[in-house]
Amino acid sequence: MQHGNGTQGILYERDDVFFCSVHGDPRGLYPWYAGYADETGTGRGAGCNLNLPLAAGTENAGFTDAVERALAAIHCFGASVLIVSLGFDAHAGDPTANLAVTGEGFRTIGARIGAAGLPTLLVQ
């Protein structure tokens with residue numbers, strides 16, 4: 001699953017939107033230059049960007065843990081809505097990424113997102 005570098009670039013200096021990305025480690029996946037954990041925003045947007053890169057082969061539990069961490073940060077930010085850019089390339093066996101989330105893993109993640117209680121827009 002690749003990092004949302006375009007979205008991060010648009011929002012990187014904003015403090016009214018919190019951006020979080022759960023994705024494969026950019027040291028081994030495109031775009032290679034963005035998506036590192038130390039990229040946290042700049043200027044007014046400092047602290048409003050959270051990257052959660054995952055090691056190659058990360059399965060359901062690791063991915064779900066990262067989503068839980070993201071949801072906790074989103075809650076702390078005080079978000080009133082949630083927009084999710086779906087990334088099914090994290091699915092086990094997808095040739096474009098190196099993660100290993102199963103259908104059951106995506107079901108669990110969806111339930112966790114739903115339990116956040118925020119109006120949610122899913123974009124693919």
Side-chain angles (χ1 to χ4, degrees):
M1 180 167 188
Q2 299 170 353
H3 176 258
N5 59 303
T7 305
Q8 176 177 292
I10 292 167
L11 301 173
Y12 207 64
E13 295 184 26
R14 293 183 62 166
D15 64 355
D16 60 334
V17 178
F18 185 81
F19 174 75
C20 181
S21 181
V22 178
H23 53 272
D25 190 331
R27 290 177 295 178
L29 289 174
Y30 179 83
W32 303 294
Y33 59 85
Y36 293 90
D38 64 350
E39 298 167 16
T40 59
T42 189
R44 290 179 48 193
C48 295
N49 192 87
L50 176 63
N51 284 314
L52 300 170
L54 301 174
T58 296
E59 297 177 341
N60 294 347
F63 199 96
T64 301
D65 288 348
V67 169
E68 289 286 354
R69 185 172 166 207
L71 290 169
I74 290 164
H75 176 75
C76 285
F77 177 77
S80 58
V81 298
L82 181 61
I83 300 172
V84 178
S85 298
L86 295 176
F88 292 117
D89 54 340
H91 191 269
D94 187 301
T96 63
N98 61 3
L99 301 177
V101 180
T102 66
E104 184 60 35
F106 281 114
R107 220 175 340 274
T108 299
I109 292 162
R112 303 282 170 81
I113 290 170
L118 295 172
T120 302
L121 171 65
L122 303 176
V123 180
Q124 185 173 15

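For clarity, every value in this text was computed on a predicted model and none was experimentally measured.
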Checklist entry - For Val22 and Ala66, which heavy atoms make the closest approach, and how far apart are they? => result CG1-CB, 3.8 Å
Next on the checklist: Test side chain to side chain contact (heavy atoms under 4.5 Å, CB included) on Thr120 and Val84; report intermediate values, then the result.
Outcome noted: CA-CA 7 Å; Thr120 302; Val84 178; 4.1 Å; yes
Checklist entry - Under a 4.5 Å cut-off applied to non-hydrogen side-chain atoms, are Leu50 and Arg69 in contact? => result yes
Checklist entry - Between atom CZ of Phe18 and atom NE2 of His75, what is the distance when rounded to the nearest 0.5 Å? => result 12.5 Å
Next on the checklist: With a 4.5 Å cut-off on side-chain heavy-atom distances among I, L, V, M, F, W and Y, is there a chain of contacts connecting Ile83 to Val67?
Outcome noted: no
Checklist outcome for this item: dist Leu118:CG -> Ile113:CD1 (nearest 0.5 Å) comes out at 10.5 Å
Checklist entry - Would you call Tyr33 and Asn5 a side-chain contact if the rule is heavy atoms closer than 4.5 Å? => result yes
Checklist entry - Closest heavy-atom contact between Arg14 and Cys48? => result O-CB, 3.6 Å
Checklist outcome for this item: Rounded to the nearest 0.5 Å, the CD atom of Glu68 sits from the OG1 atom of Thr108 at a distance of 10.0 Å
Next on the checklist: Would you say Glu104 and Asn60 are linked by a side-chain donor-acceptor pair, where the criterion is simply a distance under 3.5 Å?
Outcome noted: no
Item to check | Least distance between heavy atoms, Thr64 atom then Arg112 atom | outcome: CG2-NH1, 3.0 Å
Checklist entry - Is atom CG of Leu122 surrounded by more than 12 heavy atoms (other residues, nucleotides or ligands) closer than 6.0 Å? => result yes
Item to check | Reported NE2-to-CG distance for the pair His23 and Asp25, which is rounded to 0.5 angstrom | outcome: 7.5 Å
Checklist entry - Between Asn49 and Glu39, what is the shortest heavy-atom contact and its length? => result ND2-O, 2.7 Å
Checklist entry - Can you find a heavy atom in the side chain of Asn51 that is under 4.5 Å from one in the side chain of Tyr36? => result no
Checklist entry - So, for Gly4 and Ser21, which heavy atoms are closest and what is the spacing to 0.1 Å? => result N-OG, 3.8 Å
Checklist entry - Should the ring pair Phe106 and Phe88 be called parallel, tilted or perpendicular, given that the plane angle runs from 0 to 90° and is split at 30 and 60? => result perpendicular
Next on the checklist: Measuring from atom CG of Leu52 to atom CZ of Phe63, what distance do you get when rounded to the nearest 0.5 angstrom?
Outcome noted: 9.5 Å
Item to check | Smallest separation among heavy atoms of Pro119 and Ser80, with atom names | outcome: CD-O, 3.3 Å
Checklist entry - Out of curiosity, Thr58 OG1 to Asn98 CG, how far, rounded to the nearest 0.5 Å? => result 8.0 Å
